[in-house]
Amino acid sequence: MKKIFVFILILLLLTGCQSNQNDEDKIDDQLYQQYQEYYSKLTKADDFNTTIPECSVRLVLNHTNNDNLRYDVIIDQPKVIMENVKAIACVENENEFNPPSIGLLEEETFTLNADTTDKEKGIYKGINLSGITSLTDITVKVYLTFEQQDQFIERYIILYENAS
């Protein structure tokens, strides 16, 4: 009788762990699907701006030790409070699929506010998306979304190698 009780207890414990893992897998799948949707919107877009009114978006390039180029898309100096910021960037004509993103593959939310920084609450003065490419003359496209006063805003931005 004792063995049956221990067996049932172990079975319930394993079932509970499996259920928890399934929930985590569903969240991961939803986040990855969101990432894919943003990437798809970015690659299908054809109308880009070089600046946007709500904040500064700029490109910084650095050469790495192994002849690659590190690119950083810096989104900062918000002129308004930008809540639930999500962004993805990709290098035009890049063959490898590894576009950097923020707010898409993690459950945390990001807010940009020029007056406040509170990392525990996800409030920053600026964020960046970093990637590596083997290309030397690059154009980076960015799809950025955020909420401002409960209004959903989306921006398509293009940054060239000499962008500042």
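Given the structure is predicted, the values throughout are model-derived calculations rather than measurements.
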Using the side chain to side chain contact (heavy atoms under 4.5 Å, CB included) criterion, which residues pair with T139? Sequence neighbours excluded.
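If we apply the side chain to side chain contact (heavy atoms under 4.5 Å, CB included) test to T139, skipping adjacent residues, the hits are E92, I158, Y160.
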Sorted by first residue and then second, give each salt bridge (Lys or Arg N to Asp or Glu O under 4.0 Å) pair with at least one member in residues 65-84; sequence neighbours left out.
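Found R58-D76, R70-D72.
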Greater than 12 external heavy atoms within 6.0 Å of Q151's CD:
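Open.
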Hey, are N66 and T64 close enough side-chain-wise for a donor-acceptor pair under 3.5 Å?
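The answer is yes; a qualifying pair exists.
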Please evaluate residues I75 and L112 with respect to the criterion side chain to side chain contact (heavy atoms under 4.5 Å, CB included), reporting the C-alpha separation (whole Å), side-chain torsions for both, the decisive distance (0.1 Å), and the verdict.
CA-CA 9 Å; I75 303 169; L112 294 182; 3.8 Å; yes
Hey, what do you get for CG (L159) to CG (N49), rounding to the nearest 0.5 Å?
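Spacing of CG (L159) from CG (N49) equals 11.0 Å.
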Sole residue of T51, I52, T50 in side-chain contact (heavy atoms from CB on, under 4.5 Å) with I157
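Considering T51, I52, T50, a side-chain contact (heavy atoms from CB on, under 4.5 Å) with I157 is found only for I52.
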First locate atom CG of D118, then atom OH of Y124, and finally report the distance between them rounded to the nearest 0.5 Å.
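Going from the CG atom of D118 to the OH atom of Y124 covers 9.0 Å.
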Taking atom CG of D115 and atom NZ of K125, what is their separation to the nearest 0.5 Å?
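One finds 7.5 Å between CG of D115 and NZ of K125.
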CG of L144 to CG of L42: how many Å apart, nearest 0.5 Å?
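Answer rounded to 0.5 Å: 11.0 Å.
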Let me see the working for S101 and Y39 under side chain to side chain donor-acceptor pair (under 3.5 Å), right down to the final yes or no.
CA-CA 9 Å; S101 69; Y39 180 75; over 6 Å; no
Look at the side-chain heavy atoms of Ile, Leu, Val, Met, Phe, Trp and Tyr, link any pair under 4.5 Å apart, and say whether L69 and L129 land in one connected group.
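Cluster IDs for L69 and L129 match.
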Provide the full list of salt bridge (Lys or Arg N to Asp or Glu O under 4.0 Å) pairs with a residue in residues 34-52, sequence neighbours left out, each pair given once.
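Residue pairs with at least one partner in residues 34-52: there are none.
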So with a 6.0 Å cut-off around CD1 of I123, is the heavy-atom count from everything else above 12?
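Yes, CD1 of I123 has more than 12 neighbouring heavy atoms, counting only those of other groups under 6.0 Å.
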Output the distance between atom CD1 (I74) and atom CD1 (I127), rounded to the nearest 0.5 Å.
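Spacing of CD1 (I74) from CD1 (I127) equals 11.0 Å.
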Does the side chain of E154 come within less than 4.5 Å of Y143's, by heavy atoms?
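SC-SC contact between Y143 and E154 confirmed.
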Given the rule that I, L, V, M, F, W and Y join up when any side-chain heavy atoms are under 4.5 Å apart, are Y71 and I132 in one cluster?
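As far as the 4.5 Å side-chain criterion goes, I132 and Y71 are not connected within one cluster.
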